[in-house]
Amino acid sequence: MPKTAKKSAPKKQARIKPGKKAPAASADELLEYYRQMLMIRRFEEKAGQLYGMGLIGGFCHLYIGQEAVVVGMQSAANDVDSVITSYRDHGHMLACGMDPKGVMAELTGRAGGYSKGKGGSMHMFSAEKNFYGGHGIVGAQVPLGTGLAFAHKYKGDGGVNMAYFGDGAINQGQVYESFNMAQLWSLPVIYIIENNKYGMGTAIERASSTTELYLRGSAHGIPGVKIDGMDVLAVRSAAEKAMKHCRSGKGPYILEMETYRYRGHSMSDPAKYRSKDEVSKVRKESDPIDNLRQLMMKHKTTTEEALKEIDREIKALVTEAANFAQSSPEPDPGELYTDILVEA
Amino acid sequence: MAIQILMPALSPTMTDGKLSKWLKAEGDTVASGDLLAEIETDKATMEVEAVDEGILGKIIVPEGTEGVLVNAPIAIILEEGESAADIDDVAAAPAPAPQPATEAAPAQATAAPATAPVASEADYDGPMVNITVREALRDAMAEEMRADENVFLIGEEVAQYQGAYKISQGLLDEFGDKRVIDTPITEIGFTGLSVGAAFSGLKPIVEFMTFNFSMQAIDHIINSAAKTLYMSGGQMGCPIVFRGANGAASRVGAQHSQCYASWYAHCPGLKVVAPWSAVDAKGLLKASIRDPNPVIFLENEILYGASFDVPDDPDFTVPIGKAKIERAGADVTIVAFSIMVGKALEAAELLAAEGIEAEVINLRTLRPLDTETIVNSVKKTNRLVSVEEGWPVAGMGAEMAAIMMEQAFDYLDAPVVRVCGEDIPMPYAANLEALSLPKPDGIAAAAKSVCYR
């Protein structure tokens, strides 16, 4: 299929590098992306702290380092679009506009959490914000998201599903079953592969026969592009293009986001599979928040004082969320047997 | 000598069919591989090829004949040098011995209840219509799809092929390909897709060609469909029906002959339904489609062709969670579901001939179980026999025994007895397969043992 081959041929998305040219976003937009990314980072840092204090149990997967992906993607979404992701989901929920208090209280397993404390870090949902989880089985969200896209098309509501998954999930069989049906039925779904280089402790080179993940849809004729997922503006530009493709009825689109998680797979991961130098090099050279800050300062689209004000605002929000998550009561024992079935 | 052509069996469960059209006339030359006739079963229309060469000497069964039994002679082929005189010799010859009957083949005979239902759909007094289980399932889907735009059918071969077992016959014509959707052979994919669609408010009916293939998709059935309402604190339900043939069919071997009742009945967040009659099939499927929860709907291939009188009313449904006493009796309670209800009723006839009155309970729903009806029956009979075609270990019968211990211990005059499928992968050979599944005489023997007779 020459058409596909051409679309999926390896190519690098043009990157907007700080200092090279003026950013293609307004001053307000840049500041908003900065605010959202910093909110995710500070929220996750606080979650890590609460985990260390024993207030969060079980698994807790932090999104630190990958903030530009979800913030850039969601900037292209509207109120009808739906979102689904894996268990590394706190950032996605905040980017969907969910209340940090409800998210943090779910992490601590309290009644004020989004799932009344019955879901936990990996299983949170918001019907109101079209956020469909939060899924703990690697790759399961891919056919589920494809089904949400099926529903957008069935209802004719014009919406697009954004299905996020990682470089670990990409090798699951159900991903390709989904690719096949999405292209066969022209379903409006953007498959966002957050390639953070490691599926738990296994480097991508040790798990994937081919590491150009954006080409994985080519057998089904799905266009795919690789994007610098540490650059929020590059992500936003790719998201807009993919959205246009999906909204015009052309079927699915694949975006491979090259990104990096600074923390372990989960809180209990000693991360012996990579060097400290590797992590600190990324943090120093490619941090999405630092780079956006520098871009804004260089082009004088904001001021130090404005950024400090955002820092203060976020710190207050995160503190409020952490306080709520500790003061909200545990779920009533009477909730043990609720929400198992909908009463007909 | 002239050769008899016999009515062929075109599927594992076919017992008879319609000879819809002859493609050769008497006197035509027939070569091996030529198309001879079109045969219609309740599932499909197929062409029959000649195996032998010669001249079509005589057509015994004219086209348009319905109910032609498998292995009945339908025509005679004359070999070279033979004449019409040879036909009479063949016709006079005794018909070939019938194939050994399998347990499955005469299922239709067991279909009608031996006695009138006692605890029937009591409040219904409208008109009845005699239809097959297959038609009941189709009508249930069609009626619910007419009533609710959000209901759609998805699965392998459900649309253009009209269903691998012809359950969805006519649905594509009426509802179009937006709502009757052929999928690729990709169970985990289309199951996950349907669950996702249900999260956003659509009401999918997912057909598994058979439940054996649901194992490919069981992660989405349990982890995605059954658990999300709880994990979301009640925010996100999953109104979906998973339906298809469950249990042993006939001579299809170990990978296609398995009962999943206890697998799914184990899991909170699911409802599990197993119809026996066409009344069950129609009323329960309509209730399942209307139910806001994930429902596992376990059909049985052998029952698809069985006919029953069904209320002729689109508002008629059968409530999920209620068992039905198909036959009343005071001496021993027999609980069964799906095809085993018919076997249990046959056993009850055998027992009646020996003066034992068995009460036969059609469970209808396996989760939530109608323990009240079972316990009340045992309070009367003081004895329980559980029948299922699935394996014994951790099966529905084990659950029955536990319920008796917990809720009816003081009423039992004998230990609970389980009649189950043998604890083996299903063998292919006809005799071994027949030995693997519960039969009326075995059920009757179990009932006699708990009556100490």
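Letters A, B, ... mirror the listed sequences (proteins, then strands); counts begin at 1.
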Partner chain A: residue of B:G234, B:A198, B:G201 with the largest heavy-atom pair count (under 4.5 Å):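 Counting heavy-atom pairs under 4.5 Å, the top option is B:G234.
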Part of [X] lying under 4.5 Å from any heavy atom of chain B:
{"X": "A:I340", "answer": "both"}
{"X": "A:F179", "answer": "neither"}
{"X": "A:E335", "answer": "backbone"}

Supply the atom-to-atom distance [X] [atom1] to [Y] [atom2], rounded to the nearest 0.5 angstrom.
{"X": "A:Y154", "Y": "B:L202", "atom1": "OH", "atom2": "CG", "result": "6.5 Å"}
{"X": "B:N150", "Y": "A:K155", "atom1": "CG", "atom2": "NZ", "result": "7.0 Å"}
{"X": "A:S82", "Y": "B:F199", "atom1": "OG", "atom2": "CZ", "result": "12.0 Å"}
{"X": "B:Q216", "Y": "A:E177", "atom1": "CD", "atom2": "CD", "result": "7.5 Å"}
{"X": "A:K118", "Y": "B:K227", "atom1": "NZ", "atom2": "NZ", "result": "14.5 Å"}

B:Y230 side chain vs A:L336 backbone, donor-acceptor pair below 3.5 Å: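 Yes.
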Sidechain-backbone polar pair: A:Q174 side chain, B:G189 backbone, donor-acceptor under 3.5 Å: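 Answer holds: no.
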Steps toward ring-ring contact (aromatic ring centres under 6.0 Å, His included) verdict (B:F152, A:F150): CA-CA 12 Å; B:F152 66 93; A:F150 176 93; 5.0 Å; yes
